[in-house]
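Predicted, not measured: the structure shown is a model, and the values here were computed from it. Just so we're on the same page: letters track the sequence lines, and every chain starts at 1.
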Amino acid sequence: MAQPVRVRFAPSPTGSPHVGNIRTAIFDYLMARHYGGTFVLRIEDTDLARKVDGAVEDIMDALRWVGIDWDEGPEVGGDYGPYFQSQRLPLYTEAARRLVEQGDAYCCYCSPERLEVMRKEKAALKQSTGYDRHCRELNPQERAQKEAEGITPVVRFKVPLEGHTDFIDLIYGDVSFDHATIDDFVMLKSDGYPTYHLANVVDDAAMKITHVIRAEEWISSTPRHLLIYRALGLEPPQFVHHPLIVGPDRAKLSKRHADVSLLDYRAHGYLPETMLNFLSLIGWSLDDKTEIMNRQELIDYFSLDRIGRTGAIFNRDKLDWMNGVYIRGLSVEDLTSRVLPFLEKGLPEEVKRPVDIGYVRQMMPLVQERINILENAATYADFFFVDELEYETAMLVGKKMTPETALAALKAAGERLSSLNKFDHNLLEDTLRHLAGDLEIKTGQLFSLLRVATTGRNATPPLFETMAVLGKERCMKRIKAAITRLETSKGL
RNA sequence: GGCGCAUUCGUCUAGCGGUUAGGACACCUCCCUCUCAAGGAGGAGAUCGCGGGUUCGAAUCCCGCAUGCGCUACCA
């Protein structure tokens, strides 16, 4: 790179941070960190109508959660601020004024109603629905007339009628657009705010952005931006368009495709390291085998030329798998503190709060390799916490067992276990294996029975470890309850 | 309708003129095993959208077509 890399992530605060946008931010971030450049966060709040309260905070929250920090932008400042477009209005109006003055733009007095009618008419004639340039050649008297009527105009760019604008996209290669297909787009709205087209050009130039990294949906408007750069006598940056994240139907990922906000994933218990890794891999790959990469590795290995060109479906199954990989890689202490909030929230109401962290720490090794998503810990491990187990009594009677043999085995187990002075899993295993032998039933039969009796489940972590964590008191109580169940429910 | 971009297993992808088209997720089988996971070993799964070229040779280069997606707002 000839000059120091300066990239920006420029979200519009119109809602919760979309994973697609965060993925763009990740590319920006990796690019900046890889080349030792600067990562700028700029808020494009030029649409008053769509602005959502709290969206800026959510975006920053999401970025910080996945570990993306910005060198310039809100809360950190920088030499090219302010970093909110709503605070840079004079820059845009001045640029628009200049363009009008030099004949590259003009004021348009058309009402939204007229534009709508025009579009309908053109659509009916199967023509492109772009602006018909009605106000492009108004004479001075006509303009004065419109002004006198009190109409606040918008400013449109005067797109050349002939020729074409070409550019080299670092991902897609040569791209060309005929000017005849570009209409005179609005740069400055009647409320005095700029549109994206004007604002992003003015700011990218002012902030000395070297690479504009954004989603493929922007390719079509890039020639407009280039036209503005040229008219303003500014050097355009390099353009890097990357493919979209799409839903299962291959349409741009949106709300109807379920979870679309990064914060939703946090709420469900996906780890930030998972999201960073997974999102990096949508549309980018290192090679034919490396998938699990931490932040530093992603930074070290990232390069634009390995970004692909085709939209990718957000593969939730693979995300779940990857999250499991990261969960299994956590220390018990770390996992405990991350799981705790999900237990507090997801455990049945009857379980008293706060949840005992020491107890949680003990059970973590048992659930660690059995959950992929933190919130699942609550449903997976609720039997560790509840007082009354809920299960069908018939579950106690396993394969090749009868209510009678099950009852006898349970009573025998209860007796042997009650004499144990410590509930260590090795001791439990030793004791119960012997018991199975004495009872002349298979170990699996006994263990399954005890599993149901102590947990109410058929599938749990290893029985002895589980019983050890539950502790003698809970186990004995549950075995007694199971005995009572078998004694009182005849005819199984 | 116009313009643009894209097209390799179900999904994410590797591949950048010569490979038995590789890997991962999901799926199936087996092993491990007290159940469930995790882990290990296998398996199935892609005539590389279609049709023409170029070339000794094409998933790879070129041209058509088809399909999909994106843009087509005083939204970004």
Side-chain angles (χ1 to χ4, degrees), chain A residues 10-14 21 44-47 49-50 108 110 112 115-116 119 122-131 152-156 169 172-173 175-178 180-183 185-191 193-197 199-200 214-223 241 243-244 246 248-252 278 281-292 306 308-322 324 328 366-372 380 398 429 432-433 436 442-448 450-452 455 457-464:
Chain A
S12 183
T14 54
N21 290 129
E44 309 227 329
D45 52 350
T46 57
D47 187 343
R50 294 203 311 152
C108 168
C110 293
L115 294 175
E116 197 177 326
R119 269 193 289 273
K122 292 182 76 171
L125 294 169
K126 304 246 185 222
Q127 293 174 347
S128 75
T129 54
Y131 180 57
T152 310
V154 299
V155 177
R156 288 181 184 273
D169 184 273
Y172 289 93
V175 185
S176 175
F177 288 84
D178 282 332
T181 65
I182 306 172
D183 75 341
F185 57 93
V186 173
M187 293 191 300
L188 206 61
K189 299 181 263 187
S190 57
D191 62 4
Y193 277 67
T195 60
Y196 173 86
H197 305 304
N200 101 88
R214 62 186 15 166
E216 185 203 326
E217 59 192 324
W218 292 105
I219 284 187
S220 302
S221 43
T222 301
H241 290 94
L244 257 16
V246 300
D249 59 357
R250 295 227 156 257
K252 187 161 68 168
F278 185 75
L281 252 21
I282 297 182
W284 177 82
S285 64
L286 172 62
D287 55 27
D288 60 343
K289 49 179 74 74
T290 314
E291 299 204 292
I292 302 296
R306 295 207 58 86
R309 277 164 300 176
T310 64
I313 295 175
F314 190 91
N315 188 340
R316 193 71 179 249
D317 278 339
K318 191 155 185 173
L319 205 220
D320 289 355
W321 162 78
M322 187 176 283
R328 276 171 248 132
L366 303 182
V367 312
Q368 184 159 28
E369 61 185 37
R370 293 177 176 79
I371 57 168
N372 285 335
Y380 183 79
E429 175 158 12
L432 294 170
R433 280 191 189 281
K442 290 186 175 175
T443 51
Q445 292 176 300
L446 209 217
F447 299 164
S448 297
L450 284 168
R451 168 169 292 111
V452 174
T455 69
R457 305 269 182 91
N458 284 318
T460 71
L463 181 63
F464 317 115

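- Residue contacts shown for Phe314(A) are absent, as no nucleic acid heavy atom lies under 4.0 Å away.
- With both ends at atom P, the span from rG15(B) to rG23(B) equals 15 Å, rounded to whole Å.
- Ser285(A) comes within contact range of the sugar-phosphate backbone alone, with a heavy-atom separation under 4.0 Å but no base atom that close.
- Atom C1' of nucleotide rA14(B) and atom CH2 of Trp284(A) are separated by 13 Å, given to the nearest angstrom.
- When heavy atoms are screened at a 4.0 angstrom cut-off, Tyr172(A) is found touching the sugar-phosphate backbone but no base atom.
- Taking the side chain of Leu115(A) as heavy atoms from C-beta on, and the options rG4(B), rC74(B), rU35(B), the nearest nucleotide is rC74(B).
- Lys126(A) comes within 4.0 angstrom of sugar-phosphate atoms only, judged by non-hydrogen atoms across all strands, and of no base.
- The partner of rA26(B) is absent, by the rule that a Watson-Crick or G-U pair needs both atom distances under 3.5 Å.
- Comparing rG51(B) with rG39(B), their C1' atoms are spaced 48 Å from each other, to the whole Å.
- When each of Arg214(A), Glu217(A), Glu216(A) is checked for a side chain to side chain donor-acceptor pair (under 3.5 Å) with His241(A), only Arg214(A) meets the rule.
- Between Arg328(A) and rG39(B) there is a side-chain polar atom (N or O) within less than 4.0 angstrom of OP1 or OP2.
- At a threshold of 4.0 angstrom between heavy atoms, the contacts of Leu281(A) are confined to the sugar-phosphate backbone, with no base atom among them.
- If you take atom P in rU54(B) and the same atom in rU47(B), they sit 26 Å apart, rounded to whole Å.
- Distances shown here put every side-chain N or O of Ser448(A) at or beyond 4.0 Å from the OP1 or OP2 atom of rU35(B).
- Among the protein residues, Ser12(A) comes within range of the sugar-phosphate backbone only, with heavy atoms under 4.0 Å from sugar or phosphate atoms but none that close to a base.
- For Arg156(A), the side-chain atoms get nearest to rC74(B) when compared with the rest of rC74(B), rG23(B), rG22(B).
- A donor-acceptor contact under 3.5 angstrom links the side chains of Asp287(A) and Thr290(A), judged on distance only.
- The side chain of Glu217(A) sits closest to rC71(B) out of rU35(B), rG4(B), rC71(B).
- Nearest heavy atoms, Arg306(A) versus Ser285(A): NE-O, 2.8 Å.
- In this structure rC32(B) sits in no base pair that meets the Watson-Crick or G-U test at under 3.5 Å.
- Using a 4.0 Å cut-off, no side-chain N or O of Arg50(A) falls inside it from OP1 or OP2 of rA73(B).
- For rG18(B), the paired nucleotide is rC56(B), the pair qualifying as Watson-Crick or G-U wobble because both relevant distances are below 3.5 Å.
- Considering only side-chain atoms of Glu291(A), the nucleotide from rG4(B), rC34(B), rG23(B) that sits closest is rG23(B).
- Comparing Thr290(A) and Cys110(A), the nucleotide of RNA chain B nearest to each residue sits closer to the 5' end for Thr290(A).
- Comparing the same atom, C1', in rC48(B) and in rC9(B) gives a spacing of 10 Å after rounding to whole Å.
- Backbone-only contact: Pro194(A) has heavy atoms under 4.0 Å from sugar-phosphate atoms and none from a base.
- When each of rA38(B), rC75(B), rC25(B) is scored by its nearest atom to the side-chain atoms of Thr195(A), the top-ranked nucleotide is rC75(B).
- With distances taken from any side-chain atom of Asp317(A) to the nucleotides rC25(B), rA6(B), rA14(B), the minimum falls on rC25(B).
- Phosphate contact (OP1/OP2 of rA38(B), side-chain N/O of Arg370(A), threshold under 4.0 Å): absent.
- Within 4.0 Å (heavy atoms only), Arg306(A) reaches sugar-phosphate atoms of the nucleic acid but no base atom.
- As judged by a 4.0 angstrom heavy-atom cut-off over every strand, Asp287(A) is placed among residues touching the sugar-phosphate backbone only.
- Within 4.0 Å (heavy atoms only), Thr181(A) reaches sugar-phosphate atoms of the nucleic acid but no base atom.
- Separation of the P atoms belonging to rA73(B) and rC16(B) is 42 Å when rounded to the nearest angstrom.
- Phosphate contact (OP1/OP2 of rC75(B), side-chain N/O of Thr14(A), threshold under 4.0 Å): absent.
- Residue contacts shown for Gly283(A) are limited to sugar-phosphate atoms, with no base heavy atom under 4.0 Å away.
- Within the structure, a side-chain polar atom (N or O) of Lys189(A) is placed less than 4.0 Å from OP1 or OP2 of rC75(B).
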Tell me, with the steps shown, if Ile219(A) and Val175(A) meet side-chain contact (heavy atoms from CB on, under 4.5 Å). CA-CA 9 Å; Ile219(A) 284 187; Val175(A) 185; 4.1 Å; yes

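- Annotation: rA59(B) and rU20(B) have their P atoms spaced 13 Å apart (nearest Å).
- Arg250(A) places no side-chain N or O within donor-acceptor distance of the main-chain N or O of Val246(A), the cut-off being under 3.5 Å.
- Nucleotide rC71(B): paired with rG2(B) (Watson-Crick or G-U wobble, both distances less than 3.5 Å).
- Aromatic ring pairs are classed by plane angle as parallel below 30°, tilted from 30° to 60° and perpendicular above 60°; the pair His197(A) and Trp218(A) is perpendicular.
- Among the protein residues, Val154(A) comes within range of the nucleic acid bases, having at least one heavy atom under 4.0 Å from a base atom.
- Taking atom C1' in both rG10(B) and rG4(B), the straight-line distance is 29 Å, to the nearest Å.
- Nearest to the side chain of Asp47(A), among rA76(B), rG2(B), rC12(B), sits rA76(B).
- Using a 4.0 Å cut-off, no side-chain N or O of Lys289(A) falls inside it from OP1 or OP2 of rC12(B).
- rA66(B): Watson-Crick or G-U partner is rU7(B), with both key distances under 3.5 Å.
- The backbone N or O of Thr46(A) sits less than 3.5 Å from a side-chain atom of Lys189(A), completing a donor-acceptor pair.
- Here the shortest heavy-atom pairing between Phe177(A) and Ser220(A) reads CZ-CA, 3.7 Å.
- The backbone N or O of Ala251(A) sits less than 3.5 Å from a side-chain atom of Asp249(A), completing a donor-acceptor pair.
- If you check rG2(B), rU11(B), rU35(B) against the side chain of Pro462(A), the one that comes closest is rU35(B).
- Across all strands shown, Pro248(A) has no heavy atoms under 4.0 Å from either base or sugar-phosphate atoms.
- The nearest heavy atom of RNA chain B to Phe447(A) and to Thr129(A) marks one nucleotide each, and the one closer to the 5' end goes with Phe447(A).
- Counting only heavy atoms from C-beta on, Ala312(A) has its side chain closest to rU13(B) among rU13(B), rG68(B), rC25(B).
- Spacing between rU11(B) and rC50(B) at atom C1', rounded to whole Å, works out to 23 Å.
- When heavy atoms are screened at a 4.0 angstrom cut-off, Thr460(A) is found touching base atoms of the nucleic acid.
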